[in-house]
Visitor: 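Sharing a structure with you now.
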There are 2 protein chains.
Amino acid sequence: MPDTRPDPPAEVEDCPVREVLDRVADKWSVLVIVLLGRRPHRFGELHRGIEGISQRMLTLTLRQLERDGLVRRTVHASVPPRVDYELTPLGRTLLAPLTALNEWAIAHRDDIRAARARYDRATAE
Amino acid sequence: MPDTRPDPPAEVEDCPVREVLDRVADKWSVLVIVLLGRRPHRFGELHRGIEGISQRMLTLTLRQLERDGLVRRTVHASVPPRVDYELTPLGRTLLAPLTALNEWAIAHRDDIRAARARYDRATAE
DNA sequence: CGGCATCCGGTAGGATACTG
DNA sequence: CAGTATCCTACCGGATGCCG
């Protein structure tokens, strides 16, 4: 007999998980993590490596990721100053699911583009 | 000999992938897809099932997902009107990577909360 | 070079009211 | 019930300028 209770009782995410998903669901976080997954990067490298991100947003994103324990920030006291960013062990565990997502995106982008074109054609009357 | 070229030549995502990720990286899309992954839902069910979403955003999210070919919308001509939403086959293929992400969030939320507390304590001096 | 502070416009998105 | 339409605000995020 199927479960006929009105709904899965709760509201999908009872907020602790939402905190995490909100971070992951961020536009820039994913890109930063993927890049750092290859190797450590300097600030400027990330800035150049992620098309369209502003200096401000890169800084904010890195701070968030550092706060969440996903990224480690290392300052080298030199002139000119040098700051390296790398994934923590925790950050590296996130890499697998993110990579899966990225590969899905690559594998299905044509399907999606086609679906959009179809939808737009249909709704334009 | 290791690859010493300045960077992985491009900018991570040359924009087609970004289109896809932007959709997936949306706060509400993920929740809608996860819910629809269990079974088809009516509009009102989704509205009640996703805590905090406004009617407006639910509508917009569903339209986007429909446009991307991830969700199918079925209108039953009855009184009162009834509209069902369900994942398309394409949408169902997205379920696996999203579930992986969700499980990661659950598995590591304590780590993240701890990291945040540590960071906040350290930065508050 | 790698930031932070400030300003500021655009827009994402909530609240509310109305419709088929 | 399942939306549209309108309004209105918060804050996201870009541009600029200064500092260690």
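Residue numbers begin at 1 in each chain, while the letters A, B, ... track the order of the sequences.
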Visitor: What are the atom names and distances for every N/O pair under 3.5 Å that joins the protein to nucleotides 10-16 of chain D?
Guide:
unit_1: D:dG13; atom_1: N7; unit_2: A:Arg56; atom_2: NE; d: 3.3
unit_1: D:dG13; atom_1: N7; unit_2: A:Arg56; atom_2: NH2; d: 2.8
unit_1: D:dG14; atom_1: OP2; unit_2: A:Ser54; atom_2: OG; d: 2.4
unit_1: D:dG14; atom_1: O6; unit_2: A:Arg56; atom_2: NE; d: 3.4

Visitor: List for me each residue that meets side chain to side chain donor-acceptor pair (under 3.5 Å) alongside B:Asp26, sequence neighbours excluded, and say none if there are none.
Guide: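 In terms of side chain to side chain donor-acceptor pair (under 3.5 Å), with neighbours along the sequence ignored, B:Asp26 is linked to B:Ser29.
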Visitor: 5' to 3' on DNA chain C, which nucleotides open and close the contacts with chain B (atom under 4.0 Å from a heavy atom)?
Guide: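 Answer, 5' to 3': C:dG13 to C:dG20.
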Visitor: What stem regions, each of at least 3 consecutive Watson-Crick or G-U pairs below 3.5 Å, can be found for DNA chain D?
Guide: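 Correct response: C:2-20 with D:1-19.
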Visitor: Just grab all the salt bridge (Lys or Arg N to Asp or Glu O under 4.0 Å) pairs involving residues 54-67 of chain A, residues at least two apart or on different chains.
Guide: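 Sorted pair list: A:Arg67-B:Asp120.
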Visitor: For residues 87-100 of chain B, which residue pairs pass the side chain to side chain donor-acceptor pair (under 3.5 Å) check, not counting sequence neighbours?
Guide: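 Checked against side chain to side chain donor-acceptor pair (under 3.5 Å) - neighbours excluded - the pairs reaching residues 87-100 of chain B are A:Trp104-B:Thr93.
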Visitor: Would you indicate, yes or no, if D:dA2 has its OP1 or OP2 atom less than 4.0 angstrom from a side-chain nitrogen or oxygen of B:Arg48?
Guide: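 Result: no.
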Visitor: How long is the line joining CZ of B:Phe43 and P of D:dG3, in whole Å?
Guide: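 From B:Phe43 CZ to D:dG3 P: 5 Å.
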Visitor: To the nearest 0.5 Å, how far apart are CG in A:Leu101 and CG in B:Leu94?
Guide: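 Separation between the atoms: 6.5 Å.
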Visitor: Which residues pass the side-chain contact (heavy atoms from CB on, under 4.5 Å) test with A:Val75, sequence neighbours left out?
Guide: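 A:Arg73, A:Val83.
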Visitor: Using the ring pair (Phe, Tyr, Trp, His ring centres under 6.0 Å) criterion, which residues pair with B:Trp28? Sequence neighbours excluded.
Guide: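 None.
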Visitor: Which heavy-atom pair separates B:Val30 from B:Val24 by the least distance, and what is that distance?
Guide: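 Heavy-atom minimum between the residues: CG2-O, 3.2 Å.
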Visitor: Looking at B:Ile106, is its backbone amide N or carbonyl O close enough to the side chain of B:His108 to form a donor-acceptor pair, meaning the two atoms are under 3.5 Å apart?
Guide: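 No; judged by distance alone, with no hydrogens or angles, the pair does not exist.
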Visitor: Hey, which of B:Thr74, B:Val32, B:Leu62 is the one that makes side-chain contact (heavy atoms from CB on, under 4.5 Å) with B:Tyr85?
Guide: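 Option passing the side-chain contact (heavy atoms from CB on, under 4.5 Å) with B:Tyr85: B:Leu62.
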Visitor: Using salt bridge (Lys or Arg N to Asp or Glu O under 4.0 Å) as the criterion, list what pairs up with B:Glu86, not counting sequence neighbours.
Guide: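 With sequence neighbours excluded, B:Glu86 shows a salt bridge (Lys or Arg N to Asp or Glu O under 4.0 Å) to B:Arg72, given in chain and number order.
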Visitor: Which parts of residues 68-88 of chain A get close to DNA chain C, meaning a heavy atom less than 4.0 angstrom away?
Guide: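 Heavy-atom cutoff 4.0 Å gives A:Arg73, A:Pro80, A:Pro81, A:Val83, A:Tyr85.
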Visitor: So do A:Tyr119 and B:Asp68 actually touch side chain to side chain, heavy atoms under 4.5 Å?
Guide: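 A side-chain contact is absent here, since even the closest heavy-atom pair is not under 4.5 Å.
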Visitor: With sequence neighbours left out, what residues match A:Arg82 under side-chain contact (heavy atoms from CB on, under 4.5 Å)?
Guide: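 Here the qualifying residues are A:Arg42, A:His76, A:Ser78, A:Asp84.
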Visitor: Could I get the full list of side-chain contact (heavy atoms from CB on, under 4.5 Å) partners for A:Ala105, not counting sequence neighbours?
Guide: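 Scan of A:Ala105 (side-chain contact (heavy atoms from CB on, under 4.5 Å), adjacent residues dropped) gives B:Val17, B:Val20.
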